[in-house]
Amino acid sequence: MSRNFVKIVLMLLRPPISCDLLSHPLLDQKQVALQVLRLDQVHPEVSGNKFFKLRYNLQEALNQNHQQVLTFGGAYSNHIYATAAAAKEVGLTAVGIIRGESLDSKNPTLNFAKSAGMRLIGVSRTQYREKSQPAFLELMRQKFGNFYLIPEGGTNTFAIQGAREILSSSQSDTSHVLVPIGTGGTFAGIAASIFSHQKLLGISALKGEGIRDEITKLLRAESIQTNGSIELVTQYHQGGYAKWTAELISFIHWFWEKFDIPLDPIYTGKMAFACWDLLKKNHFPPGSRILMVHTGGLQGNRGFTQRTGIVLPTPVL
Ligand SMILES: *Cc1c(COP(=O)(O)O)cnc(C)c1O
């Protein structure tokens, strides 16, 4: 208990997060400043937005005297990876329900989760769709014992509470904030924390316009009214969730060569690609001070290489 207590106190402090100011002739030409908030560096394993989304959930799990958390995800999920590491750090055991029956023994995400002590079970896609139903959860309770449930992608009220802390007062002179969207939990938390002179752009990683309703519902359910303005950008999904184009891959390489910042192809690559394209199209008025929130996800690059053979710039973890 005392060990958990110390760790949790550490998790409660907002760690210092570096912010890189980019330099490029196009930025001068368009008279804008572009910065990247490096959430990917916040923790070696509980990286990116998942650090913020998980910490109040873990605190709540401990407050409720749980010994264990259970969550869900795809086989290359950043959420699974981060949850395995974070649960271990605070002394909770973890169960990961993975979409797809056979768990690939070469999958680097799952191997990391396993090495962090997470118990993994693969379920069929049909079963996975029913994962939040009481019957399935009851089955899991019988199998693993009681647990604190963290939803897929980690988005709930506690996650949004954490995401409200992503921006700090040193970012208050920013005019535009860009963040990738999966479930929208991170977007919702940032929307709740921006000032009246700020605009939040959410770059959807998913195909289609359905995300607009999802975000509206989420903001309403969480009673979030933003002081600033928000915009959803839906044309940079590159074919859909976890889909990619050659153009995206070369952009990720270009971005690394120019700015020394690694990106992932699922979320942050699409956001940075969108940012650069919008910049070229004069979406940001002269004088804009743009901040991209680098939400991490770099652990997924190794799995991406395993699936596609394409090597991406990735820091050694
Ligand atoms: C999970 C994740 C997101 C999506 O966050 P949501 O809160 O679900 O919108 C964005 N970027 C990265 C790198 C992620 O791992």
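Note that the coordinates shown come from a computational prediction; the quantities given were computed from them, not determined experimentally. Throughout, residue positions are numbered sequentially from 1 according to the sequence presented. All ligand and atom numbering here is 1-based and tracks the order in the structure.
Taking a cut-off of under 4.0 Å to the non-hydrogen atoms of Ile181, the atoms of ligand 1 that pass are 9 (O). Within ligand 1, the atoms closer than 4.0 Å to a non-hydrogen atom of Thr183 are 6 (P), 7 (O), 8 (O), 9 (O), numbered from 1 in the order shown. Each of the following atoms of ligand 1 lies closer than 4.0 Å to a heavy atom of Gly297: 13 (C). The distance from ligand 1 to the heavy atoms of Asn78 drops below 4.0 Å at these ligand atoms: 13 (C), 14 (C), 15 (O). Annotation for ligand 1: atoms under 4.0 Å from non-hydrogen atoms of Gly184 are 6 (P), 8 (O), 9 (O). Against a heavy-atom cut-off of under 4.0 Å, Thr186 is close to the following atoms of ligand 1: 5 (O), 6 (P), 7 (O). Distances below 4.0 Å separate heavy atoms of Gly185 from the following atoms of ligand 1: 6 (P), 7 (O), 9 (O).
Centroid-to-centroid, the aromatic rings of Phe273 and Trp244 stay 6.0 Å apart or farther. For His176 and Phe284, the distance between ring centers is under 6.0 angstrom. Taking the centre of each ring, His283 and Trp276 stay at or above the 6.0 Å mark.
Summary of contacts: the protein heavy atom closest to atom 2 (C) of ligand 1 is Lys50 NZ, 2.4 Å.
Distances between N or O atoms of Thr268 and those of ligand 1 include no value under 3.5 Å. Close N/O approach between Gly182 and ligand 1 is found [any backbone or side-chain N/O within under 3.5 Å].
Ionic pairing of Glu165 and Arg55 is present here: one or more N-O contacts between side-chain nitrogen and carboxylate oxygen are shorter than 4.0 angstrom. Salt-bridge annotation for Asp104 and Lys106: absent, with no side-chain N of the basic residue lying under 4.0 Å from a carboxylate O of the acidic one. A salt bridge does not link Asp213 with Lys217: none of the charged nitrogens is closer than 4.0 Å to a carboxylate oxygen.
At a 4.0 Å cut-off, not a single heavy atom of His79 sits close enough to ligand 1 to count as contact. Close to ligand 1: Lys53, with a non-hydrogen atom less than 4.0 angstrom away.
Side-chain N/O atoms of Ser124 and Glu101 include no donor and acceptor closer than 3.5 Å. Inspection of the Thr71 and His79 side chains reveals an N or O donor paired with an N or O acceptor under 3.5 Å.
Ranked by closest heavy atom to atom 3 (C) of ligand 1, the top entry among Thr295, Asn49, Asp40 is Asn49.
Two residues are said to be in side-chain contact when any heavy atoms from C-beta on lie closer than 4.5 Å; Phe144 and Ile121 meet this criterion.
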